[in-house]
Amino acid sequence: PEAVRIQRPLTLVRFIAVVLYDIVVANLVVARRILGRPEALRPAFVSVPLDLKSDLAISLLANTICLTPGTLSARLAQDRTQLLVHGLHVPDSAQLVADIKRRYEAPLKEVFEC
C-alpha cells in the first residue's frame with residue numbers, strides 16, 4: 001500500500017468542511033428537484049480530466065463525488081487521466097467539471113501530492 005503523507009493538514013480540514021457543507025446543500029437541492037418537476041432534470045455523464053496521480057487521492061476524489069447527492073463517479077479510465085461522473089442535473093457540463101476540480105481535486109492534490 002501507498003504511504004500516506006499529509007502535506008497540508010489545514011487544507012485537509014478545510015476540504016472536509018467543504019465536503020460536509022456540499023453534502024448538506026446537495027441533499028436540499030436534490031430533494032427540491034425531485035419533489036418539484038423531475039421532468040425538468042437534465043442528467044448527464046461528464047468526463048473530468050484528472051491532475052491527480054496518487055491512487056489514494058484519486059480514490060478520495062471518486063468517493064467524495066459519490067458522497068455528494070446528485071453526483072456519482074462512474075468509471076476511472078485505465079490510464080487514470082479521466083473520471084466519468086454522472087450528474088442528476090447538469091445544465092452546464094463545463095461548470096460541473098470546474099466545480100469538481102476547484103472544490104475537490106485541487107485541495108486533494110495540495111494535501112496528498114505537493
Side-chain angles (χ1 to χ4, degrees):
E2 189 177 320
V4 177
R5 291 184 41 214
I6 297 174
Q7 305 292 329
R8 305 226 163 119
L10 291 178
T11 302
L12 181 59
V13 170
R14 188 174 56 237
F15 170 77
I16 292 168
V18 166
V19 170
L20 292 174
Y21 172 81
D22 285 354
I23 288 171
V24 171
V25 170
N27 269 299
L28 298 172
V29 170
V30 167
R32 188 181 77 226
R33 290 194 192 283
I34 296 298
L35 295 173
R37 292 184 28 225
E39 66 276 359
L41 292 175
R42 295 180 58 194
F45 282 98
V46 177
S47 184
V48 178
L50 297 178
D51 296 324
L52 298 172
K53 303 298 179 218
S54 155
D55 287 342
L56 175 63
I58 292 171
S59 178
L60 286 171
L61 175 63
N63 284 300
T64 298
I65 291 167
C66 286
L67 283 172
T68 308
T71 55
L72 174 71
S73 53
R75 182 174 185 208
L76 178 63
Q78 282 188 328
D79 63 1
R80 297 176 149 9
T81 61
Q82 301 278 327
L83 182 64
L84 186 63
V85 174
H86 181 269
L88 180 65
H89 183 68
V90 185
D92 182 0
S93 59
Q95 186 62 52
L96 177 62
V97 169
D99 288 344
I100 288 171
K101 292 187 79 58
R102 185 184 84 255
R103 295 182 70 79
Y104 304 143
E105 185 184 39
L108 287 171
K109 186 169 181 67
E110 192 177 321
V111 169
F112 295 106
E113 295 185 356
C114 283

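- Each of Y104 and L10 belongs to its own hydrophobic cluster when Ile, Leu, Val, Met, Phe, Trp and Tyr are linked at side-chain heavy-atom distances under 4.5 angstrom.
- Here the CG-OG distance, from L60 to S54, works out to 8.0 Å after rounding to the nearest 0.5 Å.
- Here CG of L12 is found 5.5 Å from CZ of F112. Values are rounded to the nearest 0.5 Å.
- In terms of heavy atoms, S73 sits closest to C66 at OG-SG, 3.1 Å.
- Heavy-atom minimum distance, A57 versus L108: O-CD1, 3.8 Å.
- Applying the ring-ring contact (aromatic ring centres under 6.0 Å, His included) test to residues at least two apart or on different chains, none of the pairs has a partner in residues 54-81.
- V29 forms part of a hydrophobic cluster together with Y21, V25, judged by ILVMFWY side-chain heavy-atom separations under 4.5 Å.
- Taking OG1 of T64 as the reference point, atom CD1 of I23 lies at 8.0 Å (rounded to 0.5 Å).
- Put simply, L56 and L76 are part of the same group of oily side chains (I, L, V, M, F, W, Y) that touch within less than 4.5 Å, one to the next.
- Proximity of L50 to L61: side-chain heavy atoms (C-beta onward) are separated by under 4.5 Å at one or more points.
- Listed by first then second residue, pairs satisfying salt bridge (charged side-chain N to carboxylate O under 4.0 Å, His left out) with a partner in residues 63-74 number zero, not counting sequence neighbours.
- Partners of S93 by side-chain hydrogen bond (donor to acceptor under 3.5 Å, both in side chains), not counting sequence neighbours: none found.
- Side-chain atoms of L28 and P69, non-hydrogen and from C-beta on, never get closer than 4.5 Å to each other.
- When the side chains of ILVMFWY residues are joined at heavy-atom separations under 4.5 Å, either directly or via intervening members, I65 and V18 end up in a single hydrophobic cluster.
- In this structure, the salt bridge (Lys or Arg N to Asp or Glu O under 4.0 Å) partners of R8, at least two apart in sequence or on a different chain, are E110.
- Contacts classified as ring-ring contact (aromatic ring centres under 6.0 Å, His included) and involving residues 50-81 (residues at least two apart or in different chains) are not found.
- Applying the salt bridge (charged side-chain N to carboxylate O under 4.0 Å, His left out) definition to pairs two or more places apart or across chains, none involves residues 63-74.
- One hydrophobic cluster holds both V90 and V97 under the rule that ILVMFWY side chains link at heavy-atom gaps under 4.5 Å.
- Note that the NE2 atom of H86 and the CG atom of L96 stand 10.5 Å from one another [nearest 0.5 Å].
- Here the straight-line distance linking atom CG of L52 with atom OG1 of T81 works out to 12.0 Å at 0.5 Å rounding.
- Counting only residues at least two apart or on different chains, the salt bridge (charged side-chain N to carboxylate O under 4.0 Å, His left out) pairs with a member in residues 88-104 are D22-R103, D51-K101, D99-R102, K101-E105.
- Rounded to the nearest 0.5 Å, atoms OG1 (T11) and CD1 (I16) are 11.0 Å apart.
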Residues 30-47 side chain polar contacts: donor-acceptor under 3.5 Å, at least two apart:
{"unit_1": "R37", "atom_1": "NE", "unit_2": "E39", "atom_2": "OE2", "d": "3.4"}
{"unit_1": "S47", "atom_1": "OG", "unit_2": "Q82", "atom_2": "OE1", "d": "2.4"}

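- Counting only residues at least two apart or in different chains, salt bridge (charged side-chain N to carboxylate O under 4.0 Å, His left out) contacts with residues 62-91 comprise D55-R80.
- Residues L67 and F15 fall within the same hydrophobic cluster, defined by Ile, Leu, Val, Met, Phe, Trp and Tyr side chains chained together at heavy-atom separations under 4.5 Å.
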